[in-house]
Amino acid sequence: MNRKKGDKGFESPRPYKLTHQVVCINNINFQRKSVVGYVELTIFPTVANLNRIKLNSKQCRIYRVRVNDLEAAFIYNDPTLEVCHHESKQRNLNYFSNAYAAAVSAVDPDAGNGELCIKVPSELWKHVDELKVLKVHINFSLDQPKGGLHFVVPNMEGSMAERGAHVFSCGYQNSTRFWFPCVDSYSELCTWKLEYTVDAAMVAVSNGDLVETVYTHDMRKKTFHYMLAIPTAASNISLAIGPFEILVDPYMHEVTHFCLPQLLPLLKHTTSYLHEVFEFYEEILTCRYPYSCFKTVFIDEAYVEVAAYASMSIFSTNLLHSAMIIDETPLTRRCLAQALAQQFFGCFISRMSWSDEWVLKGISGYIYGLWMKKTFGVNEYRHWIKQELDQIVAYELKTGGVLLHPIFGGGKEKDNPASHLHFSIKHPHTLSWEYYTMFQCKAHLVMRLIENRISMEFMLQVFNKLLSLASTASSQKFQSHMWSQMLVSTSGFLKSISNVSGKDIQPLIKQWVDQSGVVKFYGSFAFNRKRNVLELEIKQDYTSPGTQKYVGPLKVTVQELDGSFNHTLQIEENSLKHDIPCHSKSRRNKKKKIPLMNGEEVDMDLSAMDADSPLLWIRIDPDMSVLRKVEFEQSDFMWQYQLRYERDVVAQEEAILALEKFPTPASRLALTDILEQEQCFYRVRMLACFCLAKIANSMVSTWTGPPAMKSLFTRMFCCKTCPNIVKTNNFMNFQSYFLQKTMPVAMALLRDVHNLCPKEVLMFILDLIKYNDNRKNKFSDNYYRAELIDALANSVTPAVSVNNEVRTLDNLNPDVRLILEEITRFLNMEKLLPSYRHTITVSCLKAIRVLQKNGHVPSDPALFKSYAEYGHFVDVRIAALEAVVDYTKVDRSYEELQWLLTMVQNDPVPYIRHKILDMLTKNPPFTKNMESPLCNEALVDQLWKLMNSGTSHDWRLRCGAVDLYFTLFGLSRPSCLPLPELGLVLNLKEKKAVLNPTIIPESVANNQEPVNTTNNHGQPVVFQNTFSNSQEEEEIDMDTVHDSQAFIYHHLNMLERPSTPGKEQSSGEVTMHPVSAAPLSVFSKESNSSKHSDHHHHHHHEHKKKKKKHKHKHKHKHKHDSKEKEKEPFAFSNSPASARSIRSPSLSD
Amino acid sequence: MRIALYGSKMADTAPGGSGTRSGSKHTTTPADNYYLARRRTLQVVVSSLLTEAGFESAEKAAVETLTEMLQSYISEIGRSAKSYCEHTARTQPTLSDIVVTLVEMGFNVETLPAYAKRSQRMVITAPPVTNQPVTPKALTAGQNKPHPSHIPGYFPEFPDPHTYIKTPTYREPVSDYQVLREKAASQRRDVERALTRFMAKTGETQSLFKDDVSTFPLIAARPFTVPYLTALLPSELEMQQMEETDSSEQDDQTDTENLPLHISTDDSGPEKENASVLQQNTSLSGSRNGEENMIDNPYLRPVKKPKIRRKK
């Protein structure tokens, strides 16, 4: 763990080097969802006394291990299966997070660890001493894998191929260990031979070149042989098997696309664009695509939309679309481009360690951004950058910061760089999914900052250098030590930058990479007429969480009457005020065109501006070259000028947001003008719609004329002769298409003086629906219709409720009746003529929930629950689940919460499971500071179990459960748990200390649903412990770090004495705790610490012995652990079978 | 004909109701009279056969039943004979038709002459000639067209002209755009509503209101086995539309080259060249240009036969 990543390059944490691995899957059974196969790793020892080989493997059943054809003993131990053992009292997240991080690092391949430990047979020791090659052959099988490999088997008649059954590898970060034993690290590269024997009607797609396909002897199956000669990390190995339709790319014959049966026409259309992305990347990187082939596979029930692996990418089948679909097209293309960018950086070039991840994510994100700029234009690009910037700023301010390059010192938790977070950032597998998303977002933004600093040309040169180094290294077939050139590290990357550009970017790196937080600027100004100087004041907030102090240059652009001027201010420690001399005198009487930043000269109506000031508008950091949030004060007319005349879309969007606070006729006019301007970027116009609606609502008493946007919409989209009828749809012009979609949605937000949606607007929208005619249109109108339903939902206002009467049909508001009529018809028509991605069903479900929430329709989750079932399209399920989550919150329904949590555990689709937790976290039924009848001990137990052992097959899911636990209960002990002074029960049969179940605590008794903890242990012995209180409890938790090392040794010990584990102990007698004679205060600490160090469930004698040790040494824990290590209690069972999948002794039920 | 009556005692088991059938008719039309007369003759026949067989008396019901049987037997002969004759494209049955019919009905034809010439047979006077009632003519409209020369005379006549002559009528087309749109919209809406209501009535439904299940019936959500197919594939209606609009006038607008549709798998050179920006790795592009039309993709290659296993 304490590796130095200096100039010396890469140092492997393993005492051997892997050079080649064979993966052979002989049999895949879709019915039973099982896989049988073997792997063979070719390794070269790098130290003479290598006697143990640690590999990664999860959920695989290992049958047999041979090293150079000799049977080898092995141990399989996975501490992440159950993170905290024997814990029923410690329910605080702090403790869990520490233990989880320890468990993950105990098997972390980057630290040389692994779940599978193989003993090199003694016959080979001499062989090893000569550093000769070892071949490790492992036979394994997988039965109903819960993670890593996902089977999709539709339940219908026919053969597996006819049903469209398929299987694919998936997971978050390095998850290959879930489906075959390997060194699951991004830094251990080797060449590969992959073989898959599958049904003759199926196709196996995997990494590298398909060498040949051979029938088996019975001709019923065929074997796909793949070779991957480019050294690749196991984590980048993937597999997809199914009855795929095959499409060879018409432009690039080395590229093959695969999709599920019947979707070939969609596949043709969707991938028809990919070659342009290839061309773009190859051109800017001046480097050929590194692999000799590329495969795209589109599968159902995808884990993530895009997953990139060496020479292949796995996409969600839901990205496929026909030529009639407008909205999905750019999204899908973005996904394709993203996947391809990761082929270069992420797959071909891999990372040295987790802390270098930001470089890869940054570069791939950055070149993807360049592709976006070229494909969708500068406006779209800048809009995207702004969006990403806003997102990361909001997230960092909320959570306290995202650290790109965490450096870990001696492993002391005290200087944990991310102590503000409820999870450890030491490992990818402990990260919250949201954090990781934001991490990627920040990484590419920082790359952009580097580009700003050293120029794009140099940036691309650096990338090219990295790529050409790697490709030279990859062609060195027999010099595996060269392969580390294919790994990128932070220091290597920075060195490359300084070599290429000659510039020192260290301050930039220090600010944004080595440190978390963003900058928060507050700006205001005054114009000094006498001196003709702009006095700008820029304050910073660097004390709130997630912020940091910025020192350095800051660009300010001032638009004056005589033109636009850039000024670079130096932000220093204590200087708040900056004087900026103005170039022009205020002289607005002269009729003269005003030059803009881009050289354009425009006429402006200057009557609105301050007669004394030549300032039109001011922008701080217009290029977004700082990760910041700017709150700038300038007068409304300045925002209006900025909106009208500034050509940068980001400036326009900022102006729109600012104008929300100035509901005046002038703002209205500025917004309407922008709306009508066809040259204006469509997203700005869309944003203007919503702003206009807000302004209209604020101005409701003085508003004149028809409702906002109505006449505009009529002019743009309705017939000339009959203005109440919309033209038949023609979406050839995408800009107006998007505007046409958005305007009704924004209009529906209008409210009259009674705070109701004006009848005129509602009728207008209903007419749009009525007269909608898509027969002559080349494109599908499903998104448009969906948004019209969204508009209907937006028009709904809370029902006038007479003392909570029951909602019936009779007292239904007539307007709502009309809305409901439309929703019913739309939803029913979807059953007959389903729309693309069922967008209309999704909108209908959302609208129904809105009606329920506003009290028009009885609140009832039954409808949503039926749509949330497995078998509906994923978008529909998510929409329905969102409604159930909302219901759970609003109605505080315990039953629905249980239903959701059951689904989290049992649903076949990993994405749905993840998404439920995500939605519950974003819209929690209660939070830690809230009183709620839902918050009870049983729920704590349930969630604890979920994150402790129930989600061990899916990193993302486990982290999702942790997030939810954090949202509901916070970091410390959940408030609904009884206080610990009620006494402890020590049950030596189970080897646990549990709360005395016979005492029902008061806090629980208050709950609506008191939960009786059933006592299935032996007769409890109660210690009344008045000394310990919750405060003390927590203190202890913080100190007791789950020591992974000790943990593993403990398990090895168990192997030695298989009868030891508590469960098998036949005597059910409950003994008094041996230390009970000790003073009570000591005891409380003792019992806790003994519980944490995992020796508690040891053999009785040993237990006693250790207890004594604890008595003396519990303050010197580290020392104690090192003593443990000295014992070296390694023991290997002789029979490999007996070592099969030893799980932790306290199996979760 | 020999009619086997299963014992005279059987007669009383015949349902009493059947005997009163013809008598209870109140109104008698000429057609009824005609049928009654025929039936009476048949009854006489049955009675004489019974007498011939040695019965002295029979209950009315029994006679009635036997009459019924006889009538249906004769009718069947007639019907079958007609079928046979029509089968051979004739309109008049011939003797052979009758013979075939009888054979088909399991009657031994050879016994017939002997039976006809039996000594104790009784001769019944022919029924009084009653004219077959004319079926009331349907209201004729217009003159039926005579057969053209190529249609033989025995073919039926043409039906009344009004049944096949079409008279196109014209209504002034609605040209007002607003009315048209209005019409199209409300028509579509009515169709949709009727259709969805029908579907909702015939299948399972869900409701938003507990007290009322019929006002806003929602067709129940039913999970699919393969949900992505319906979600992603355009419906047939849309496909049809796409084909129509593809060829229609919308193509003259220019800004849609964003969405090119490449269906063909064979490529023509130009794209290939600019793909290879770098000449570093010439081996690949070289081999590509060598074989022009052959797409060499490993997934298109034939699957190899297994090698003969070597014994270890």
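By convention in this document, chain letters (A, B, ...) are assigned in the order of the sequence lines, proteins followed by strands, and residues within each chain are numbered from 1.
- Heavy atoms of R188(B) lying under 4.5 Å from chain A belong exclusively to its side chain.
- Proximity to chain B (any heavy atom under 4.5 Å) is shown, for N318(A), by both the backbone and the side chain.
- Only the backbone of V211(A) comes within contact range of chain B, with heavy atoms under 4.5 Å apart.
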Quick one: do E182(B) and Y771(A) satisfy side-chain hydrogen bond (donor to acceptor under 3.5 Å, both in side chains)? Show the steps, please.
CA-CA 7 Å; E182(B) 174 71 48; Y771(A) 293 115; 2.5 Å; yes
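- Between chain B and the residues T271(A), N155(A), L260(A), D209(A), the largest count of heavy-atom pairs under 4.5 Å involves L260(A).
- Closest non-hydrogen pair, D773(A) versus R181(B), comes out as CB-NH2, 4.2 Å.
- Among the candidates L232(B), L195(B), L300(B), L229(B), the residue making the largest number of heavy-atom pairs closer than 4.5 Å to chain A is L232(B).
- Of the charged side-chain nitrogens involved, at least one lies within less than 4.0 Å of a carboxylate oxygen, so that R189(B) and E822(A) count as a salt-bridged pair.
- For T839(A), no part lies near chain B; criterion is any non-hydrogen pair under 4.5 Å.
- A donor atom on one side chain and an acceptor atom on the other are found under 3.5 Å apart for N729(A) and N772(A).
- In this structure, the portions of L210(A) lying under 4.5 Å from any heavy atom of chain B include both its backbone and its side chain.
- Rounded to the nearest 0.5 angstrom, L863(A) CG and Q852(A) CD are separated by 7.5 Å.
- Ring centroid separation for the pair F244(A) and F298(A) does not come in under the 6.0 Å cut-off.
- In this structure, chain B has a heavy atom under 4.5 Å from the side chain of L266(A), while its backbone stays farther away.
- Of the atoms belonging to T317(A), heavy atoms from both backbone and side chain fall under 4.5 Å from chain B.
- Salt-bridge formation is detected for the pair E76(B)/R79(B): a Lys NZ or Arg NE/NH1/NH2 atom is positioned less than 4.0 Å from an Asp or Glu carboxylate oxygen.
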Criterion side-chain hydrogen bond (donor to acceptor under 3.5 Å, both in side chains) on H838(A) and D875(A), from CA distance to verdict
CA-CA 7 Å; H838(A) 298 324; D875(A) 293 3; over 6 Å; no
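- Contacts between S235(B) and chain A at a heavy-atom distance below 4.5 Å involve the side chain alone, from C-beta outward.
- For V726(A), the parts lying under 4.5 angstrom from a heavy atom of chain B are both the backbone and the side chain.
- Ranked by heavy-atom pairs under 4.5 Å with chain A, the list N297(B), V226(B), T225(B), T215(B) is led by N297(B).
- Counting heavy atoms from C-beta on, the side chains of K222(A) and T216(A) never come closer than 4.5 Å.
- Both the backbone and the side chain of V303(B) come within contact range of chain A, each with at least one heavy atom under 4.5 Å from a heavy atom of that chain.
- Chain A forms more heavy-atom pairs under 4.5 Å with one residue of S207(B), A184(B), A231(B) than with any other, namely A231(B).
- R877(A) and E869(A) are not joined by a salt bridge, as no carboxylate oxygen comes within less than 4.0 angstrom of a charged side-chain nitrogen.
- Only the backbone of K727(A) comes within less than 4.5 Å of a heavy atom in chain B; its side chain stays farther off.
- Taking 4.0 Å as the cut-off between side-chain N and carboxylate O, E821(A) and R825(A) do not count as a salt-bridged pair.
- Interface residue Q262(A): backbone and side-chain heavy atoms are both found under 4.5 Å from chain B.
- Heavy atoms of A220(B) lying under 4.5 Å from chain A belong exclusively to its backbone.
- The aromatic ring centres of Y289(A) and F278(A) sit less than 6.0 Å apart.
- There is no contact between C293(A) and chain B, counting heavy-atom distances below 4.5 Å.
- Comparing G164(A), C719(A), A862(A), P261(A) by heavy-atom pairs within less than 4.5 Å of chain B, the highest count is held by C719(A).
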Go through the steps to decide whether S866(A) and Q206(B) satisfy the test side-chain contact (heavy atoms from CB on, under 4.5 Å), and finish with yes or no.
CA-CA 10 Å; S866(A) 73; Q206(B) 288 162 321; 2.7 Å; yes
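- Between F779(A) and F734(A), the distance separating the two ring centers is shorter than 6.0 angstrom.
- Comment: E212(A) does not engage R301(B) in a salt bridge, judged by the lack of any side-chain N to carboxylate O separation of less than 4.0 angstrom.
- Of the two parts of Q178(B), the backbone and the side chain both hold a non-hydrogen atom closer than 4.5 Å to a non-hydrogen atom of chain A.
- Neither the backbone nor the side chain of E157(A) comes within contact range of chain B; no heavy atom of the residue lies under 4.5 Å from a heavy atom of that chain.
- When each of N782(A), T721(A), L263(A) is checked for heavy-atom pairs under 4.5 Å with chain B, L263(A) comes out on top.
- Residue contact with chain A, scored on non-hydrogen atoms closer than 4.5 Å, involves the side chain of Y177(B) exclusively.
- A side-chain donor-acceptor contact under 3.5 Å links K295(A) to the backbone of G208(A).
- Ranked by heavy-atom pairs under 4.5 Å with chain B, the first of H872(A), R163(A), E301(A) is H872(A).
- Of the atoms belonging to K770(A), heavy atoms from both backbone and side chain fall under 4.5 Å from chain B.
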Might you work through the salt bridge (Lys or Arg N to Asp or Glu O under 4.0 Å) test for E245(A) and K268(A), ending with a clear yes or no?
CA-CA 11 Å; E245(A) 305 212 26; K268(A) 274 180 183 159; over 6 Å; no
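- Proximity to chain B is absent for every atom of H225(A), based on heavy atoms less than 4.5 angstrom apart.
- When each of P302(B), P223(B), S186(B) is checked for heavy-atom pairs under 4.5 Å with chain A, P223(B) comes out on top.
- Chain B forms more heavy-atom pairs under 4.5 Å with one residue of L832(A), T841(A), L320(A) than with any other, namely L832(A).
- Neither the backbone nor the side chain of V874(A) has a heavy atom closer than 4.5 Å to any heavy atom of chain B.
- Ranked by heavy-atom pairs under 4.5 Å with chain B, the first of D300(A), V857(A), I246(A), V203(A) is D300(A).
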